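Keep in mind that what you see is a predicted model, and the values were worked out from it rather than measured. Residue numbers start from 1 in every chain, and the chains themselves are labelled A, B, ... in the order their sequence lines are given, proteins ahead of strands. Computed from heavy atoms alone, side chains included, the values below leave out hydrogens, waters and symmetry copies.
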Protein chains: 2
Amino acid sequence: MALGSGLQTGLQTGLQTGEIVRDGLSRQVADQLRAAIRDGQLKVDDRLPNEEDLAKHFGVSRPTIREALKILAAQNLIRSRRGPAGGTFVSRPDPQGLGEAIADAATLLVGTGDIDVEEMLTARAETEAVCCRLAAAARTEEDLAALRAEVALQRDESLRDEDFCASDVRFHRALVQATHNQPLKLMMYAVIESFIPVTNMLIYREHERRRSVDLHDQITEAIAAGEGARAAELMGRHLEGMRDLLNATLDRRAAGRTG
Amino acid sequence: MALGSGLQTGLQTGLQTGEIVRDGLSRQVADQLRAAIRDGQLKVDDRLPNEEDLAKHFGVSRPTIREALKILAAQNLIRSRRGPAGGTFVSRPDPQGLGEAIADAATLLVGTGDIDVEEMLTARAETEAVCCRLAAAARTEEDLAALRAEVALQRDESLRDEDFCASDVRFHRALVQATHNQPLKLMMYAVIESFIPVTNMLIYREHERRRSVDLHDQITEAIAAGEGARAAELMGRHLEGMRDLLNATLDRRAAGRTG
DNA sequence: ATTAATCTATTTGTCAAACCTTTTAATCTT
DNA sequence: AAGATTAAAAGGTTTGACAAATAGATTAAT
């Protein structure tokens, strides 16, 4: 779309009195462009006018436009390329990118202690149980192969702890993938990319790994057999074990601090 | 923290050869500041140096710094205030803000048809069932009051459709709140702020509203009685009904288009 | 004639130096 | 002591310029 057609500007400049300006011009420009994208005025892969024209259109300077574009780019709504055939384009909304953003934010929340570990494990247990049930019904042979590959990898006792944890994340990612449910996948990104690493960082030691692998194995085979309820039950047991381990670890740390 | 202490700059300028520059300077500055926040070098409510000093520190111009700050502000990592006691500060990570970002993106995904409505309803059914079970165990009297208030509001048949839908969203929000599980709340934002409105937009008509209210009512009372399984089952039935309605609506639209 | 190298125009990326607006706090006045 | 004034600090915005990248046209060499 040419943009010039329907898009109203109507920015609130500092000169107007009494109005509550919801922040600066760049924010307002970004909001308007975002709205245009959301409402379909600007479709995926549409090219926006160049920055100078945008500046003219909105009646602001180019740096202001650029700040606005950076905001939208940070939200993965647009992308820019230089050159004659370059410009700024509307991005296809990307579950992957969104997931990373969620994971980033969730990691921060966990890091600042705003998220209680008990609650986190409960959330994991419940939502991953859901994944187990759905995966048992929808999994393909490829999904099973992916799950089994991680289990096999995890059986290697010479694997370094960090590689084990990485494999653990991939296992759970594969589990979600096996549900073939996009919206669920979106929601689970926070769990997979953030909660799981946090959990793992706290507890893994050598002799506990074997227990985790065994449960991963059993969960995989339950899903292979289409036994969703059993897979969900195993996952619950898996996380129950983690909860105990975690509490023991936290107790030990607390004791070390006071003693 | 004073920032000047430990933060390395090491930007990849255009002059260096061979290196793959992952985009512009503002992006790199934003990445470094983000890393400093993530790693705890910059703590919540810490004040960053002013823009001019940041520009000097990173060896870039002020507009470039501003673009970087806009990126971080767009991700709710920092906030800025003007004036002598103003400046740029590290924000407390905010589930609310994160939720809105998730909702925005999810809305786009649904809008572009990248999310299948069937899958969405499945995801809703499963995750909201989880909420029902946990809410039944953890709900307080205030939670119940909030749920009942929405049910009461929804019984008013003179309520406009959009107000009904808004109340519906609040009902589900209150349901999640009643679980008292922060991580789950985080995950459910995508559902509440995006999937629910999308669902509602498609289907609500007057005589269907009564059925929804009745189920909301029964779900609330099941949670009040601590009967999580029953609440979950009712929620499943609620969404099953929506699925039928939705399919009927879509069929009708398809027929209208071809006929 | 075909291919390779070069030029050119376009567009984003960056910089520099101002000026404007908002906000706080110190100072002055009453 | 209370209120009004004012100066300084910080972010917000503008202007104007130049740098870098790149697609496409042009030109030179084979």
Side-chain angles (χ1 to χ4, degrees), chain A residues 2-3 9 11-31 33 45-74 77-91, chain B residues 3 9 11-33 45-74 77-91:
Chain A
L3 185 83
T9 65
L11 301 189
Q12 302 179 343
T13 71
L15 301 177
Q16 306 188 1
T17 63
E19 289 285 337
I20 296 173
V21 179
R22 217 190 104 197
D23 232 1
L25 291 176
S26 55
R27 191 80 141 245
Q28 293 180 53
V29 170
D31 286 345
L33 288 174
D45 287 331
D46 272 0
R47 175 178 163 171
L48 276 67
N50 68 35
E51 298 179 347
E52 202 170 357
D53 288 347
L54 280 173
K56 251 181 271 175
H57 180 85
F58 284 103
V60 298
S61 70
R62 211 186 129 205
T64 300
I65 289 291
R66 280 186 59 77
E67 287 180 6
L69 295 180
K70 285 292 174 192
I71 292 172
L72 299 177
L77 291 173
I78 59 174
R79 60 186 186 285
S80 295
R81 275 200 320 274
R82 284 197 276 209
T88 302
F89 302 85
V90 177
S91 288
Chain B
L3 185 83
T9 65
L11 300 188
Q12 301 179 343
T13 70
L15 301 175
Q16 307 189 0
T17 63
E19 291 287 337
I20 296 171
V21 179
R22 219 190 103 199
D23 233 2
L25 292 176
S26 55
R27 192 81 141 242
Q28 294 179 53
V29 170
D31 286 345
Q32 294 207 18
L33 289 174
D45 288 333
D46 272 358
R47 173 177 164 172
L48 276 67
N50 68 35
E51 298 181 348
E52 202 170 355
D53 289 346
L54 280 173
K56 253 182 268 174
H57 179 84
F58 284 102
V60 298
S61 69
R62 207 181 139 207
T64 300
I65 289 291
R66 281 186 59 77
E67 287 180 6
L69 295 180
K70 285 293 173 189
I71 292 172
L72 298 177
L77 292 174
I78 59 173
R79 61 188 187 284
S80 296
R81 276 200 319 273
R82 285 198 272 210
T88 303
F89 301 85
V90 178
S91 288

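Distance from the side chain of A/Lys70 is smallest for C/dG13 among the nucleotides C/dT23, C/dG13, D/dA23. Side chain of A/Asn50, nearest nucleotide from C/dT14, D/dT13, C/dT12: C/dT12. When distances run from any side-chain atom of B/Arg47 to the nucleotides D/dA10, D/dT14, C/dT23, the shortest one goes to D/dA10. Looking at the side chain of A/Arg66, the nearest of the listed nucleotides D/dT15, C/dT14, D/dA10 is C/dT14. You'll find that the side chain of B/Leu25 is closest to C/dT14, out of C/dT10, D/dT14, C/dT14. When the nucleotides C/dT12, D/dT14, D/dA9 are ranked by their closest atom to the side chain of A/Thr64, D/dT14 comes out on top. Distances were taken from every side-chain heavy atom of B/Thr88 (C-beta onward) to each of D/dT15, C/dT23, D/dG11; the shortest belongs to D/dG11.
What separates CZ of B/Phe58 from P of C/dT14 is a distance of 14 Å, to the nearest Å. A straight line from CG of A/Leu69 to C1' of C/dT14 spans 15 Å, rounded to a whole angstrom. B/Ile65 places its CD1 atom 12 Å from the P atom of C/dA16, with the value rounded to the nearest Å.
In terms of position along DNA chain D, the nucleotide closest to B/Gly83 lies nearer the 5' end than the nucleotide closest to the other residue of the pair B/Gly83 and A/Arg81.
With hydrogens and angles disregarded, no donor-acceptor distance shorter than 3.5 Å links the side chain of B/Arg81 to the backbone of B/Thr88.
Taking only side-chain nitrogens and oxygens, B/Arg82 never comes nearer than 4.0 Å to OP1 or OP2 of C/dC20. Within the 4.0 Å cut-off from OP1 or OP2 of C/dG13, not a single side-chain nitrogen or oxygen of B/Ser26 is found. When the side-chain nitrogen and oxygen atoms of B/Ser80 are compared with OP1 and OP2 of D/dA10, none of them lie within a distance under 4.0 Å.
The base of D/dG16 has none of its N or O atoms less than 3.5 Å from a complementary donor or acceptor on the side chain of A/Arg62.
You'll find the side chain of A/Asp31 reaches within 4.5 Å of the side chain of A/Arg27, heavy atoms only. The shortest distance between side-chain heavy atoms of A/Leu69 and A/Leu33 falls below 4.5 Å. Annotation: side chain of B/Ile78 is not in contact with side chain of B/Lys70 (no heavy-atom distance under 4.5 Å).
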